Amino acid sequence: MTDYRKLAESAGLDAQLEDRVVPQLERLEAVFRPLATSLAFAAEPDIRFVAAEDAE
Amino acid sequence: MTIAQAGRALRERRISSVELTRYLLDQIGRLNPEINAFLTVTGDLALDQARRADAGLRAGADCGPLHGIPIALKDVFCTRGIRTTAGAVQLSENVPDYDAAVTERLSAAGSVMLGKTGMHEFAYGITSNNPHYGAVRNPWNPACIPGGSSGGSGAAVASGLAFAALGTDTGGSIRVPASFCGTVGVKPTFGLVSRFGTLPLGFTLDHVGPLARTVRDAALVLDAISGYDPRDPATRRRRKEALCPPPSVSLSELCIGLPANYFFDRARKAVKEAVVRAASLAESLGARVTTVTVPDMEGLTAVHRLILLPEASAVIGKFHQRRGELGADVRALYEQGRLVSAVDYIDAQRLRTEFRRQFARLFESIDVLLTPATLFSAPRIGQDTVDVDGVPEDVRLMTTASVRAINVLGYPALSMPCGLDPGGMPLGLQAIARPFDERLLLRVAAALEDAGISAIGRAPLCAPTPFSAQN
């Protein structure tokens, strides 16, 4: 898992800001990491970011 | 009064656009000090546009359904010569020298711009409790938030200060204020409406759409602003089709999905009941209603956040030296985005493709999915947490739990009123359809509206109807 506390310290965040930032990222990572790990080796993003249909 | 009713009155010379505009400007003067829906009122411009609209009609130059209709714009759309702040103090002196694509299109459609509506700072939040320009208040209860980030647009429409307003939706910012303020709000398919000249938040998640009092009003505005624009590479070259549903619509041969998982897990009882009632109504109108299992919404919501955090930090990063002036909530999000790795961002984009496949499969068996738009009615201003099964949860994350993930897919979705909670605050129904199937989405919504699902009355802080509404 990512050490967000360390990253926040390196970024120079003060303790109060760190406490607002780090727990949110940690909770997010707990959901996201297993999904990211499950990605197929060759899975590609759709760099057009459009929704399914091509131009007519 | 609807846009169509006002349009008929204008064409039959029962009222002029100038009279309509002057009336609304007076009402804005009366109600805006309490609601704070408008950040900038463009009275002189509006009256000038209204005079031209009246002259056009007299000369037989009719620009269509929005001709002479007063509309408001969220303060995120560039307006030539008029301050455009995105609710940010860093942009308090920003006066663009060009119009956004949607500003141009509304102008070409003959509409009248009343002003720019208030919003959450940088469109990055759902309260519209702006630390620099003041809190926007909910016309149903001024102690409550109107939702956000297009809170001023929702409040302006709900309080009868504009026939419609434009908003942007990056993770629910049209549908949340629509739900909390008891209006219709449409987030169209990604690529249907040009974002050119719209101050960005998340490049791959931002959508532009209307908020209005009725489904057909929203459809008329969406019709006017949609279409290909070479200045926005995401817009599609599609044949333009009229989106406004006919006066009488049927739901026969349609299949409506009702989710078995996720959406109702943490919804308030009144919300669950209202959405189920809407599905039953759809069934009584001829639709087949089926229960469906939706893909991992928790995961899709996480993907949204992993995409938006760094995209928004890239945008706001332009003002990195002034980050100390950000409100506490936006500052925390800005710093979060700077700590997300590039690898995680790219993996989120890869997962986005996978989720799109899963939703495409789901929509092979249904035409429209009905869900709550928000899991509860509008929280109070300053409320940071909301109680969910006895656990205090972050109000921002809970408010967007039903809507945020849809932006990752780019699917069209709307929120429409579907009842009031025991405290008398509006509840929103979300309907979601396949990409570029706005016609069907609006048809389903119009059928439900015609059947009375949205008959919630008027907000207590609402301007009286300008003149006797006659069909």
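To find a chain, count down the sequence lines: A is the first, B the second, and so on, and within it residues start at 1. Note that the structure is predicted; figures quoted are calculated from it, not measured.
For chain A, the nearby parts of B/D329 are the backbone and the side chain; heavy atoms of each come within less than 4.5 Å. For chain B, no part of A/R27 is nearby; none of its heavy atoms comes within less than 4.5 Å. No part of B/L205 comes within reach of chain A, as not one of its non-hydrogen atoms sits under 4.5 angstrom from that chain. In this structure, the portions of B/D344 lying under 4.5 Å from any heavy atom of chain A include both its backbone and its side chain. Of the two parts of A/A11, only the side chain, counted from C-beta on, holds a non-hydrogen atom closer than 4.5 Å to a non-hydrogen atom of chain B. For a residue to count as touching a neighbouring chain, one of its non-hydrogen atoms must lie under 4.5 Å from one of that chain's; by this rule B/E354 does not touch chain A. With a threshold of 4.5 angstrom between heavy atoms, A/E44 approaches chain B through N, CA, C or O but not through any side-chain atom. Interface remark: A/L13 contributes side-chain atoms only to the contact with chain B (heavy atom separation under 4.5 Å). Contact annotation for A/L35: both backbone and side-chain heavy atoms come within less than 4.5 Å of a heavy atom of chain B.
Distance check: A/R20 CZ to B/R331 CZ gives 10.5 Å after rounding to the nearest 0.5 Å. Atoms CG and CZ, from B/L339 and A/R5 in turn, are 11.5 Å apart once rounded to the nearest 0.5 Å. Expressed to the nearest 0.5 Å, how far CG of A/L39 lies from CD1 of B/I346 amounts to 11.5 Å.
When the shell of 6.0 Å around NZ of B/K240 is examined, it contains more than 12 heavy atoms from other residues, nucleotides or ligands. Annotation: A/Q16, atom CD; neighbour count of heavy atoms from other residues, nucleotides and ligands within 6.0 Å does not exceed 12.
Closest heavy-atom contact between A/V31 and B/A302: CG1-CB, 3.8 Å. Contact detail for A/A36 and B/D347: the closest heavy-atom pair is CB-OD2, 3.9 Å.
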Exercise. For side chain to side chain contact (heavy atoms under 4.5 Å, CB included), just list the numbers for A/Q24 and B/D394, CA-CA rounded to whole Å, side-chain angles, deciding distance to a tenth of an Å, and then say yes or no.
Key: CA-CA 10 Å; A/Q24 293 273 7; B/D394 181 283; 3.5 Å; yes
Practice problem: Evaluate side chain to side chain contact (heavy atoms under 4.5 Å, CB included) for A/L25 paired with B/L309, printing each intermediate quantity in order. | Solution: CA-CA 10 Å; A/L25 287 170; B/L309 283 168; 4.2 Å; yes
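Per-residue heavy-atom pair counts under 4.5 Å with chain A were compared for B/A328, B/S341, B/A360, and the maximum is reached by B/A328.
In this structure a side-chain-to-backbone donor-acceptor pair under 3.5 Å is present from B/R350 to A/A40.
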